[in-house]
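A quick write-up on the structure given underneath.
All chains are named by letter (A, B, ...) in the order of the sequence lines, taking the proteins before the strands, and each is independently numbered beginning at 1.
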2 protein chains.
Amino acid sequence: MADIARRTEHRYGNRPTMKDVAARAGVGLKTVSRVVNGEPGVTPDTERRVQEAIEALGFRRNDSARVLRKGRTATVGLVLEDLADPFYGPLSRAVEEVARAHGALLINGSSAEDPAREQELALALCARRVDGLIVIPAGDDHRYLEPEIRAGVATVFVDRPAGLIDADAVLSDSFGGARDGVAHLIAHGHRRIGFIGDRPRIHTASERLRGYRAAMEDAGLPVDDAWVSPGSTEPERVRTAVREMLDAAEPVTALFAGNNRVMVTVVRALAERPRPVALVGFDDMELADLLGITVIAQDAAALGRTAAERLFRRLDGVDDVPERVVLGTTLLARGSGEIPPSAG
Amino acid sequence: MADIARRTEHRYGNRPTMKDVAARAGVGLKTVSRVVNGEPGVTPDTERRVQEAIEALGFRRNDSARVLRKGRTATVGLVLEDLADPFYGPLSRAVEEVARAHGALLINGSSAEDPAREQELALALCARRVDGLIVIPAGDDHRYLEPEIRAGVATVFVDRPAGLIDADAVLSDSFGGARDGVAHLIAHGHRRIGFIGDRPRIHTASERLRGYRAAMEDAGLPVDDAWVSPGSTEPERVRTAVREMLDAAEPVTALFAGNNRVMVTVVRALAERPRPVALVGFDDMELADLLGITVIAQDAAALGRTAAERLFRRLDGVDDVPERVVLGTTLLARGSGEIPPSAG
DNA sequence: TAGAGCCTGGACAACGTTGTCACGGGAGGG
DNA sequence: CCCTCCCGTGACAACGTTGTCCAGGCTCTA
């Protein structure tokens, strides 16, 4: 009776264990384990009996116990910034693809751009003993991961580098991409170009701003402070920035949008204005081709794939020094970036 | 020496355990457990000593072992179709949000629309003993999940109903949405309307086709077989369908696109043609507003949120009969659906 | 026919944690 | 002053699996 009670209030409902299977098949515990894991040394006849018992009981191996025993979880964690951001879909998918090829599962969660949440999430994944971690940083101090990395959690940062620790990172060439985009506008005759970006705390954002300034300097053009609007991607702020730059006494004739969210808002804002304004945006998006928006495209899938491959290389025991990989960007000319300056 | 060897080749690198912490703090194992879990009954002084040891060793609780002991993983699985599909981003994010609110993590993976892969993935998640499972079905036979559900894995299907088993499902009103969309076109004077959708094996696809037929019938309009193209969402096939419908002797004057992927291809195909063709698409997308595409919008976030809430309600012990929840859709008129028929 | 070797199968410990229970000491009441 | 009660603490088993090791029975050979 005590036994019945135990079984009844058992936490997994009433999941059969290998012991149950062994009892039913009339074999030893280890023999069941062998069959389940396809290990050699089991007579076809015994194997059949075990399989039947597994079938009859609806047994499924408890991987939690397995993990505890074996030490490897065959699981990698992905901490991203926002699952709903179209940029991260392909990235995440590419990571999953590689993980799958290595027989691993993916746990993920988003930090919602909150450093505290990023840390909480990353450490929760470490507590689950993920074999490796891919992080798209929200914060700029990752020293909290040092003990984990020392303890053997392979870690790769994507899209932005780690802060204050030495770790692998796979990045797009934000600086070069932005410089190329702005140079493209300059080549089409623009002299006064506005830059609207994300908070400069974010590495990619500051790099893109740096790229903007470099392109202007290369062309010997001055940069007016009023043309530069780093800040949040909050739509209202972006709209205000667009308005101020275009309605100034000496308005800008072209805009560079620092990322996809900014770009979307800028496009919406420009759609309401009579005169066309040249625009180049960082990040490609679905349908952007149909709208004729010239963009600096980064290859999100390649970013994810490269990072994941690097991660699994480390998990396979390769142990070279942390490295920073930078992937190139592509300028896709579609019209909006080729609009000439309208007479001031 | 044997001990050193054991530690050295240990699988988690050299992670300290509660035992190590206990030894260093000079307390018992259970006391460490109490401190780590914030249980009462520990002197402030003892607690401080334990905390110091934890700090010094860089201890982090091994949740695998914890799970094994407690039975609950505080993890839910999400099996979706394609992480890169913009429709699933917000859905996935909403699920994560709810999971987070319940203190649970999310493991996910995509089936790539392959039923076999869906099954493999779902069962792998069950082997990890996720507490619950949210599935966007790729296949149409989910009997393989019956033992798991019986064993206590809460399961909710989203976007499409489960096949051959009785389970919770949260769906958009595909039938009603498609009917409304087609009725909208009819209201704007169209008589010959083409339908381009996904494979009819997919529940939503066949429901949308049924909605199309219902709207036509309601208006007393005949449906020519040549106007209906169910099939894959493969771009080349969609382009061919568009061409054939528009270049026929009696061409259609409007198109209804069965989902976002079809819609994108249709928009691209129509952009190359001289005469405007009316279009309504199922699923909204970013930038679709700027392109003036009239759509039947479903609320992906609400879908995910509703499903996740239902899941956690079950996990909290509520045990009502499986139910099917249908969420309404919204027609967003933006121009493309209001184009009148061009003279045939 | 006996000994050696191989092959199948099972007993047992260990993985790191938590629940149960028991123990020792200090406080409070009779 | 002694007994009781409570509180802080720790020993121990258990969760379900896998690695190690040994036993028993078989075959093959001398």
Side-chain angles (χ1 to χ4, degrees), chain A residues 2-3 5-7 9-23 25-50 53-54 57 59-74 126-129 151, chain B residues 2-3 5-7 9-23 25-50 54 57 59-74 126-129 151-152:
Chain A
D3 191 63
R6 193 183 67 82
R7 298 300 286 176
E9 68 185 23
H10 192 278
R11 332 161 232 276
Y12 295 128
N14 240 333
R15 293 216 98 136
T17 70
M18 285 192 177
K19 203 166 149 187
D20 301 323
V21 174
V27 301
L29 179 54
K30 181 66 207 202
T31 302
V32 176
S33 172
R34 274 193 267 265
V35 171
V36 169
N37 295 296
E39 286 169 28
V42 180
T43 323
D45 179 59
T46 309
E47 171 160 4
R48 193 186 40 72
R49 287 217 316 286
V50 171
I54 288 176
L57 295 174
F59 166 81
R60 186 166 315 284
R61 181 179 64 197
N62 183 334
D63 274 357
S64 288
R66 173 169 225 250
V67 155
L68 176 60
R69 187 63 233 256
K70 301 202 71 132
R72 279 273 177 132
T73 54
C126 288
R128 302 281 161 116
R129 295 294 188 269
Chain B
D3 191 63
R6 191 183 69 82
R7 297 301 287 177
E9 66 186 23
H10 191 277
R11 335 162 229 274
Y12 296 127
N14 240 334
R15 293 217 96 138
T17 69
M18 285 191 177
K19 203 165 148 188
D20 301 323
V21 174
V27 301
L29 178 55
K30 180 66 208 202
T31 301
V32 177
S33 172
R34 274 192 267 263
V35 171
V36 170
N37 295 296
E39 287 170 25
V42 180
T43 320
D45 180 58
T46 311
E47 171 160 3
R48 192 185 41 73
R49 287 216 317 285
V50 171
I54 288 177
L57 295 174
F59 167 80
R60 184 166 315 284
R61 182 179 63 197
N62 184 334
D63 275 358
S64 288
R66 172 168 224 248
V67 155
L68 175 60
R69 189 61 234 257
K70 302 200 71 130
R72 278 271 176 134
T73 54
C126 289
R128 302 281 160 117
R129 295 295 187 269

Work out which heavy atom in [X] is nearest to a heavy atom in [Y]; give both atom names and the distance.
| X | Y | result |
| --- | --- | --- |
| B:Arg60 | A:Cys126 | CD-CB, 4.1 Å |
| B:Leu68 | A:Ala65 | CD1-CB, 3.7 Å |
| B:Leu29 | B:Met18 | CD1-CB, 3.4 Å |
| B:Arg128 | A:Asp63 | NE-OD2, 3.6 Å |

Is [X] near enough to [N] that one of its side-chain N or O atoms lies under 4.0 angstrom from OP1 or OP2?
| X | N | result |
| --- | --- | --- |
| B:Thr43 | D:dC7 | no |
| A:Thr31 | C:dG10 | yes |
| B:Thr46 | D:dT9 | yes |

Using a 3.5 Å distance criterion without hydrogens, assess whether the side chain of B:Arg49 forms a donor-acceptor pair with backbone atoms of B:Ala25.
yes
If only atom types and distance count, is the side chain of B:Thr17 paired as donor or acceptor with the main-chain N or O of B:Lys19 below 3.5 Å?
yes
All N/O contacts under 3.5 Å from nucleotides 17-23 of chain D to the protein, with atom names and distances to one decimal?
| residue | atom | partner | partner atom | Å |
| --- | --- | --- | --- | --- |
| D:dT17 | OP1 | A:Asn62 | N | 3.1 |
| D:dT17 | OP2 | A:Met18 | N | 2.7 |
| D:dT18 | OP1 | A:Asn37 | OD1 | 3.3 |
| D:dT18 | OP1 | A:Asn37 | ND2 | 3.1 |
| D:dT18 | OP1 | A:Arg66 | NE | 2.9 |
| D:dT18 | OP2 | A:Ser33 | OG | 2.8 |
| D:dT18 | OP2 | A:Asn37 | ND2 | 3.2 |
| D:dT18 | O2 | A:Arg69 | NH1 | 2.2 |
| D:dG19 | OP1 | A:Lys70 | NZ | 3.3 |
| D:dG19 | N7 | A:Lys30 | NZ | 2.7 |

Between protein and nucleotides 22-27 of chain C, what N or O pairs are separated by less than 3.5 Å?
none

Terminal helix-axis angle for the helix from C:dT1-D:dA30 to C:dG30-D:dC1, with five pairs defining each axis and rounding to 10 degrees:
50°
What pairs with A:Ala23 under side-chain contact (heavy atoms from CB on, under 4.5 Å), at least two apart in sequence or on another chain?
none
Can I get a per-line list of side-chain donor-acceptor pairs under 3.5 Å for residues 34-42 of chain A, giving both atom names and the distance, sequence neighbours left out?
| residue | atom | partner | partner atom | Å |
| --- | --- | --- | --- | --- |
| A:Asn37 | OD1 | A:Arg61 | NH1 | 2.5 |
| A:Asn37 | OD1 | A:Arg66 | NH2 | 3.2 |
| A:Asn37 | ND2 | A:Ser33 | O | 2.8 |
| A:Asn37 | ND2 | A:Ser33 | OG | 3.4 |

